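Below is one structure; the comments refer to it alone.
The sequence lines fix the lettering, A, B, ..., with proteins before strands; numbering per chain opens at 1. Note that the coordinates shown come from a computational prediction; the quantities given were computed from them, not determined experimentally.
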Amino acid sequence: MMVTTSNSPAGHGSPASSRRNSGAKAPPGSSDPTRPDIALATAIASDDESNPTNRRGRRVAPTSAPSSPPPHPTSRIEAPSGMNRRIWSKGTMYGRQRWRVRLSTGPVVKASLAIAERTGGERSSNRSDGGSVMDRTLSPWRADGRSTIGSGESAGPAGVDTSARRPFLVESRPVLECSMSWITVKSAFASPVGTPVTLKGWVRTNRESKADGGLCFLAVSDGTCFDPIQCVIKGGGPGAVGNFDQVQRLTTGCSVEVDGSVVASQGKGQSVEVLVDGSAGGAVRVVGLVENPDTYPVSNKRHTFEYLREQAHLRVRTNTFGAVARVRHTLSMAMHRFFHERDFFYVHTPIVTASDCEGAGQMFRVSTLDMLNPPRVAGAGGKDTPGPIDYSQDFFGKEAHLTVSGQLNVETYCSALSRVYTFGPTFRAENSNTSRHLAEFWMIEPEIAFADLTDDARLAEDFIKHLIRAVLDERPDDMKFFEERIEKGLLARLGDVLEKPFLHLPYTEAIRILEKAIAAGQVFEYPVKWGSDLQSEHERFLTEQHFKQPVVLMNYPKQIKAFYMRVNDPGTDSAPGETVAAMDVLVPAVGEIIGGSQREERLEVLDARIEEMKLPAKEYWWYRDLRRYGTVPHAGFGLGFERAMMFLTGMQNVRDVIPFPRTPKSADF
RNA sequence: UCCCCGAUAGCUCAAUGGUAGAGCGACCGGCUGUUAACCGGUAGGUUCUAGGUUCGAGUCCUAGUCGGGGAGCCA
């Protein structure tokens, strides 16, 4: 089935699609000045100084006609009837023309294959990772959708990023708005001048002017993009809105509906705005007022993160937390997409666990017993001493806790579905109060069958690079904010990680490097010794000073790692002691971001480890069964979702990258 | 859990043991296609809690609560 060309772009779409298509008739090479995200995309990657941006990164005034790629016949490409698909150009990215394909229904792969045939000659190769947007999006090579983890086909030399050549499809955009009577602020920014719009959102700022007989400048945000849109409300002359006095009194946080039309802005600071002219049907309807503006907790001023944590229900209305929320969503979707496109299955591992064998720290108890008067085991403690609590009378008939990891459970599904992952909340009752720890956090744990530690490390690298690309591609507006206000140099740091292959380094070798550094005068607070775990200062030294790039540390001493990690053959890495196939991925500025291992698949070795660590062997009966019935080598890792958020946004405190943080002594909201 | 720091107006912070202050925000007015606006004015306080020392405590002492940074543990 081919995607054909046509001169009637509006023939198969909703009104919204017509609007976009007509908008796309502008020279597609030009960054749309009404789209801050596109302007940013250009700004991130290009050294082209001809795109003046103002402080917020918007194009201030379009310069002369852009000279970049000649018009591409996007708007003439049309799907066969009944397929409901649209294609449009979105401007440039990394100096290349960027295309997006939208497919509401229908066979995605076939469509993109057909397109690839049309554009197959248009490879670009100036990306440092060897890929390009065009390659990733449209090339026939990847249009077959085949995933290649662990196979010879795409798994290049160790450390070479191959994920760029894997399927990267289609941006999905909300179709929903088409059936609603209003549009999002994000869509309004993308609408051509002259489009009548109805917006619904919250007032960010309200400025007044006496010009033109009275104007109000309402900055309205609905959270769908970083920037609020400026609504100019007329208060004098024939265009005055009836409730202008009410509009004048609107304060930060009020919710409103605005009818108006998209116009080119007369002021500086934004290229388009929404003009509300009463004589042209414009109106402002107040939905909800802020009842006491004086005490509105997130008034229009700077607030500390500490303060905003105490206002977690309102903090998402601020620039920072809105951006965090959008990036968090994007990261979540990107993660699922990464695995889905590589034939991984998402497994919902349990939150409540009645097995006492997860062994990763303090657990939260789950119980329905009467805490004041729990049942006791009869006679166990003699007449006067009460026996231990009788959990056989508890809800599950035994002790139950909240999970500290989905790994053991997900290994079972791995032993049948080959490639699986779990993503869910995880609970640790440790009394640790730091900027990197939560009592409730989210963790991603993939598990791959027939894989060894190298496959695992390669997957981790592909995964991290995919996540970086996703947030840069999809949330340029928010990422620009993080770069400017949260961490200067963030984009360079991420670009660096994207660019360089991860270095694989045996633990034993890392110890040698650290010892040499000490001999050369490097001072550490903690000693370095084969057999002890590396301190974060050691990890930072390796990744930030010595190698200045991401490092995958591999093959740790057996005694400092978990029982399920595969015991290496003697002599691996010429280590002075026994090692296990564990790995930690270290990245500059954040440190350890991933921990993983190849799992012990040999029953007798596993049993020996369980025995050695004095673990309750009985509890592991089902885990041991995996080794008794068709055991396979397998490996996996865990990525803390909030730590990934910190890595990607530059936010310094884990409590600020999760909507409602749970920490010791704190579970408000 | 350990070490260090902190808590004063809606927010951020001042205030030798002696009358509770500023900036921002809010409100009122002026000016302005405004946009960290600007100019003038007004209101706003049980100084975290409970004890103690003192003629007198925001300030000093004790205990507690909460918050922040670091360590450990980890993701």
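- Between A:Ser299 and B:rG10 there is no side-chain polar atom (N or O) within less than 4.0 angstrom of OP1 or OP2.
- Rounded to whole Å, the C1' atom of B:rC2 lies 36 Å from the corresponding atom of B:rU54.
- A sub-4.0 Å separation between OP1 or OP2 of B:rG69 and a side-chain N or O of A:Asn653 is present.
- Distance check on atom P: B:rA14 versus B:rA22 gives 16 Å, rounded to whole Å.
- Remark on RNA chain B: of its neighbouring residues A:Glu310 and A:Pro293, the 5'-side contact belongs to A:Pro293, judged by nearest-heavy-atom nucleotide.
- Look at B:rG6: its Watson-Crick or wobble partner, with both distances under 3.5 angstrom, is B:rC66.
- RNA chain B is contacted by both A:Ser536 and A:Glu592; A:Ser536 maps to the nucleotide lying nearer its 5′ end (nearest heavy atom per residue).
- Note: CE (A:Met651) to P (B:rG68) measures 13 Å, nearest angstrom.
- Each of B:rG33, B:rU1, B:rA37 was ranked by its minimum atom distance to the side chain of A:Asn433; first place goes to B:rU1.
- Here the separation of B:rC48 from B:rC66, taken at their C1' atoms, is 8 Å to the nearest Å.
- Taking a 6.0 Å sphere around OH of A:Tyr296, one finds it holds more than 12 heavy atoms contributed by other residues, nucleotides or ligands.
- Using bins of under 30°, 30° to 60° and over 60° for the plane-to-plane angle, the ring pair A:Phe463/A:Phe637 lands in the tilted bin.
- Straight-line distance from the CD atom of A:Gln311 to the P atom of B:rG67: 14 Å, rounded to whole Å.
- Nucleic acid contact class of A:Glu208 (heavy atoms, under 4.0 Å, all strands): base.
- Nearest to the side-chain atoms of A:Glu306 among the listed nucleotides B:rG67, B:rG33, B:rU32 stands B:rG67.
- Neither OP1 nor OP2 of B:rC73 sits under 4.0 Å from any side-chain N or O of A:Arg436.
- A side-chain N or O of A:Gln407 and one of A:Glu411 form a donor-acceptor pair less than 3.5 Å apart.
- Rounded to whole Å, the P atom of B:rU19 lies 26 Å from the corresponding atom of B:rU12.
- For B:rG52 and B:rU59, the C1' atoms lie 15 Å apart once the distance is rounded to whole Å.
- Taking the side chain of A:Arg428 as heavy atoms from C-beta on, and the options B:rC11, B:rC74, B:rG69, the nearest nucleotide is B:rC74.
- Nearest to the side chain of A:Arg207, among B:rU34, B:rG33, B:rU32, sits B:rU34.
- Base pairing of B:rG58 is not made with any nucleotide, judged by Watson-Crick or G-U wobble geometry with both donor-acceptor distances under 3.5 Å.
- Taking the six-membered ring where the residue is Trp, the centroids of A:Phe524 and A:Phe541 are separated by under 6.0 Å.
- For A:Gln652, the CD atom counts as loosely surrounded, since its 6.0 Å shell holds 12 or fewer non-hydrogen atoms of other residues, nucleotides or ligands.
- Per the geometry, CG belonging to A:Asn431 stands 16 Å off P belonging to B:rC74, to the nearest Å.
- Look at B:rA37: it lacks any Watson-Crick or wobble partner with both distances under 3.5 angstrom.
- When distances run from any side-chain atom of A:Gln535 to the nucleotides B:rG70, B:rG72, B:rG33, the shortest one goes to B:rG72.
- Counting non-hydrogen atoms under 4.0 angstrom, A:Val654 reaches nothing in the nucleic acid.
- In this structure B:rU1 sits in a base pair with B:rA71, meeting the Watson-Crick or G-U test at under 3.5 Å.
- Across B:rG40 and B:rU16, the matching P atoms stand 28 Å from one another, rounded to whole Å.
- Pairing for B:rA26 goes to B:rU42, judged as Watson-Crick or G-U wobble with the two contacts each under 3.5 Å.
- In terms of phosphate contacts, A:Arg655 brings no side-chain nitrogen or oxygen within less than 4.0 Å of OP1 or OP2 of B:rG67.
- In this structure, NE2 of A:His303 is placed 19 Å from P of B:rG23, rounded to the nearest angstrom.
- A donor-acceptor contact under 3.5 Å is formed by the side chain of A:Glu273 with the base of B:rG33.
- Atom name P, nucleotides B:rU47 and B:rA20: the rounded distance is 10 Å, in whole Å.
- Between the base of B:rU1 and the side chain of A:Glu430 there is no donor-acceptor pair shorter than 3.5 Å.
- For A:His437 against B:rC74, a side-chain-to-base donor-acceptor contact under 3.5 Å is present.
- Residue A:Ser265 is classed as a base contact, given a heavy-atom separation below 4.0 Å to a base.
- Rounded to whole Å, the C1' atom of B:rG67 lies 43 Å from the corresponding atom of B:rC31.
- The aromatic ring centroids of A:Tyr421 and A:Tyr346 lie less than 6.0 Å from each other.
- A:Asp584 places its CG atom 13 Å from the P atom of B:rC73, with the value rounded to the nearest Å.
- Remark: A:Ser435 is in phosphate contact with B:rG70, judged by side-chain N or O atoms under 4.0 Å from OP1 or OP2.
- For B:rU12, the OP1/OP2 oxygens have a side-chain nitrogen or oxygen of A:Thr304 closer than 4.0 Å.
- Between A:Glu291 atom CD and B:rG10 atom P there is a gap of 16 Å when expressed in whole angstrom units.
- Between A:Leu314 atom CG and B:rG25 atom C1' there is a gap of 16 Å when expressed in whole angstrom units.
- Note on A:Ile593: only backbone sugar-phosphate atoms sit closer than 4.0 angstrom, heavy atoms only; bases stay farther off.
- Out of B:rA71, B:rG67, B:rU12, the shortest distance to the side chain of A:Tyr307 is found at B:rU12.
- If you take OH of A:Tyr526 and P of B:rC73, they are 8 Å apart, rounded to a whole angstrom.
- Ring pair A:Phe364/A:His401: centre-to-centre distance not below 6.0 Å.
- A distance of 6.0 Å or more separates the ring centres of A:Phe423 and A:Phe339.
- Contact annotation: side chain of A:Gln362 to base of B:rU1, donor-acceptor pair absent below 3.5 Å.
- Base engagement by A:Gly267 is indicated by at least one non-hydrogen atom pair under 4.0 Å involving a base atom.
- In this model, a donor atom of one side chain and an acceptor atom of the other lie less than 3.5 Å apart for A:Glu208 and A:Gln248.
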